[in-house]
Amino acid sequence: IIVTLLPINDERPIMNITLISGRVYYQQTPPITFADVIVQHLDIFPIYYATVHIENAANMAAETLSISLPANFKVAYNVSTNLLTIVGVATAFQYSAFLSNVTYYNGADRLEMPLERSIVFSVCDQLPPSLATLTNDTVAALTGGSVLSSSLLSADVSILISSCPEFTRGSLTLPLVRVNHRPVITAPIAVFKSILEDIPDTQNLGQPVVDVFGPAISDVDVFDPKGIAISSASGSGVWQMSQNK
């Protein structure tokens, strides 16, 4: 009697995710890596695909996740759902390295509240029966043999991703920090209108500063409050301010 022993994929992968120590995303800075990911698998089976999702992307399409992988792995980022998908057969150790190299970027002029992003990592080591023989070549066939665009996954791969029996998931929180940029004044030296001497203040209306500087002041932080300070002056006289100007 010959007894054939077949391996059974009965253990889900184990995933541990931590934020890289001190890692913070500052407004309008280049993409950063942010996660230290360890994927372990007690069984001999590989990991077939993974996803990374920004669950609370308040800046929506301005927020992106990206990764650079070998050509036999297919990567897609859906700007509508803020979902990064990686398709390809690799060991748990290799997926640990892949997911640790995912980068976050926010191209918005203003970081919307809350100033932290919840990011969920998922890996799957199982396939639906119809795709049980998935290999890197099969993945290439499903995706047309080229890296996917940053829009939507092909229909076949969408079915593949949505049909994982059980994802192993882990998450972290990435802090975001707004940066207050200095305004830029592009006007030439301003010349204010002359005002008369020795007449009541009620008749000396002066000239609102905004009339001179307003169109010439630009600030990438478009929602920040504006203010002005007189730091020095020449000649005699008194500087005055009216809040209704």
Who are the side-chain contact (heavy atoms from CB on, under 4.5 Å) partners of Ala97, not counting sequence neighbours?
none
Under the side-chain contact (heavy atoms from CB on, under 4.5 Å) test, which residues partner Ser122, sequence neighbours left out?
Thr51, Val120, Phe167, Arg169
Any pair counted as salt bridge (Lys or Arg N to Asp or Glu O under 4.0 Å), so long as it reaches residues 44-53, sequence neighbours left out
none
Salt bridge (Lys or Arg N to Asp or Glu O under 4.0 Å): which pairs involve residues 27-36, sequence neighbours left out?
none
Where is the tightest heavy-atom contact between [X] and [Y], given as atom of each residue plus distance?
X      : Y      : result
Val52  : Phe121 : CG2-CD2, 3.7 Å
Met113 : Ala58  : O-CB, 3.5 Å
Arg110 : Asn59  : O-ND2, 3.0 Å
Thr85  : Val87  : CG2-CG2, 4.0 Å
Leu111 : Gln27  : CD1-CB, 3.7 Å
Val102 : Phe34  : O-CE2, 3.6 Å

Side-chain contact, heavy-atom cut-off 4.5 Å: Val123 with His41?
no
Using the side-chain hydrogen bond (donor to acceptor under 3.5 Å, both in side chains) criterion, which residues pair with [X]? Sequence neighbours excluded.
X      : result
Thr33  : Arg23
Asn82  : Tyr77
Ser118 : none
Ser66  : Thr103

Distance in Å, Ile47 CD1 paired with Thr91 OG1, rounded so as to fall on 0.5 Å steps
8.5 Å
Atom pair OH/SG of Tyr49 and Cys124 - distance to nearest 0.5 Å:
3.5 Å
Do Asn56 side-chain atoms and Glu116 backbone N/O form a donor-acceptor pair below 3.5 Å?
yes
Atom pairs and distances, side-chain donor-acceptor, residues 13-21, under 3.5 Å, sequence neighbours left out:
none

Who passes ring pair (Phe, Tyr, Trp, His ring centres under 6.0 Å) against Phe98, sequence neighbours left out?
Phe73, Tyr95
Applying ring pair (Phe, Tyr, Trp, His ring centres under 6.0 Å), name anything that partners Tyr104, two or more places apart in sequence or on another chain.
Tyr25
Joint cluster assignment, Ile54 & Ile32, ILVMFWY side-chain distance < 4.5 Å:
yes
Ile38-Ile119 co-clustered via ILVMFWY side chain contacts under 4.5 Å:
no
Please name all residues satisfying salt bridge (charged side-chain N to carboxylate O under 4.0 Å, His left out) with Glu63, sequence neighbours left out, ordered by chain then number.
Arg117
